[in-house]
Engineer: 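A single structure is presented below for examination.
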Amino acid sequence: MHITTQQLIGLGATQYQARELIKACPKVGKQGRSNTYSRSDILAAIDQRLANPRIRPSTRITLTQLQQQLLALGSNIIPIPFGAPATPTKSAVQSLLNTGLSPSNGKHKLKAAEIRAKHAAK
């Protein structure tokens, strides 16, 4: 999953924190005019910042919350055992999982975060 700077701001980071986090991350692509960065690279950058004992407590709280939100965005991956026998309960469970954890939910959350960041910047 790819994240833009505006989406990081919408998820709760300040502009400065978002810029500092993406400095260590390589660009993965473009979304409109914005550069996109890998979610795993951003999480690694957050871990690196949290390892610094000299950051402020408020910054630590913000980065921890941002880290939790980014981890939650990637939690829609469910392992499916291939070759498992087909049972009536398996199909029911599969349909429930597909409705609740569709990949579009993560995209909608990121779009909402981007919109929040644009309105906060005004």
Side-chain angles (χ1 to χ4, degrees):
M1 176 175 286
H2 304 303
I3 311 284
T4 64
T5 308
Q6 287 295 325
Q7 291 168 342
L8 283 175
I9 294 169
L11 289 172
T14 63
Q15 289 181 356
Y16 174 77
Q17 290 168 348
R19 276 192 311 244
E20 288 297 312
L21 287 174
I22 64 169
K23 277 184 184 178
C25 301
K27 298 173 189 169
V28 177
K30 291 206 73 69
Q31 179 180 347
R33 293 183 180 181
S34 301
N35 293 323
T36 58
Y37 305 91
S38 173
R39 183 178 67 93
S40 59
D41 290 339
I42 292 174
L43 287 171
I46 290 173
D47 287 337
Q48 186 177 5
R49 289 283 288 186
L50 288 174
N52 183 358
R54 296 186 62 187
I55 64 171
R56 293 179 178 217
S58 59
T59 303
R60 187 174 298 279
I61 291 170
T62 303
L63 290 176
T64 305
Q65 290 172 350
L66 179 64
Q67 184 181 35
Q68 293 301 321
Q69 289 181 351
L70 287 174
L71 287 171
L73 285 175
S75 67
N76 64 352
I77 299 170
I78 301 169
I80 299 174
F82 292 103
T87 61
T89 56
K90 179 184 173 192
S91 62
V93 169
Q94 187 66 32
S95 65
L96 283 173
L97 289 174
N98 287 341
T99 58
L101 298 173
S102 68
S104 63
N105 288 346
K107 291 179 184 176
H108 292 304
K109 288 179 185 178
L110 287 177
K111 186 65 176 172
E114 189 173 338
I115 291 170
R116 278 195 302 271
K118 287 180 182 176
H119 286 294
K122 290 182 180 180

Engineer: Looking only at heavy atoms, which two atoms of His2 and Gln7 are closest? And how far apart?
Structural biologist: O-OE1, 3.9 Å
Engineer: Just verifying a value: how many Å separate Gln67 CD and Gln69 CD, rounded to the nearest 0.5 Å?
Structural biologist: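 Going from CD on Gln67 over to CD on Gln69, the span is 11.0 Å.
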Engineer: Is it true that, when you exclude Lys27 itself, more than 12 heavy atoms of the residues, nucleotides or ligands shown sit nearer than 6.0 Å to its NZ?
Structural biologist: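 No, not enclosed.
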Engineer: Rounded to the nearest 0.5 Å, what separation is found between the CZ atom of Arg33 and the OG1 atom of Thr4?
Structural biologist: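 That separation rounds to 14.5 Å.
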Engineer: What I'd like to find out is whether the side chain of Gln65 reaches to under 4.5 Å of the side chain of Leu11, using heavy atoms alone.
Structural biologist: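 Result no, sub-4.5 Å side-chain heavy-atom pair not found.
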Engineer: What are the two closest heavy atoms between Gln31 and Thr36, and how far apart are they?
Structural biologist: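 Taking Gln31 first and Thr36 second, the nearest heavy atoms are CB-CG2, 3.7 Å.
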Engineer: What distance do Leu63 atom CG and Arg56 atom CZ have between them, rounded to the nearest 0.5 Å?
Structural biologist: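 So the gap between those two atoms works out to 13.0 Å.
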Engineer: When rounded to the nearest 0.5 angstrom, what distance separates CZ in Arg39 from CG in Leu8?
Structural biologist: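 Reported to 0.5 Å precision, the distance equals 12.0 Å.
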Engineer: Looking only at non-hydrogen atoms, find the nearest pair between Ile3 and Leu70 and report the distance.
Structural biologist: CD1-CD2, 3.9 Å
Engineer: Taking C-beta and beyond as the side chain, do Asn35 and Ile22 meet within less than 4.5 Å on heavy atoms?
Structural biologist: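 A side-chain contact under 4.5 Å is absent here.
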Engineer: What closest approach, in Å, do Arg60 and Leu50 show between heavy atoms, and which atom pair accounts for it?
Structural biologist: NH1-O, 2.9 Å
Engineer: Identify the two heavy atoms, one from Ile9 and one from Gln15, that lie closest to each other, and give their separation to 0.1 Å.
Structural biologist: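 Minimum heavy-atom separation between Ile9 and Gln15: CD1-CG, 3.6 Å.
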Engineer: Can you name the nearest heavy-atom pair linking Thr62 to Gly12, along with the distance?
Structural biologist: CG2-O, 3.4 Å
Engineer: If you draw a 6.0 Å radius around CD in Gln48, do more than 12 non-hydrogen atoms from other residues or ligands fall strictly inside?
Structural biologist: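 No, not enclosed.
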Engineer: Would you call Leu66 and Ile42 a side-chain contact if the rule is heavy atoms closer than 4.5 Å?
Structural biologist: no
Engineer: Using 0.5 Å steps for rounding, measure from the CD1 atom of Ile55 to the CD atom of Glu20.
Structural biologist: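 Here the interatomic distance stands at 12.0 Å.
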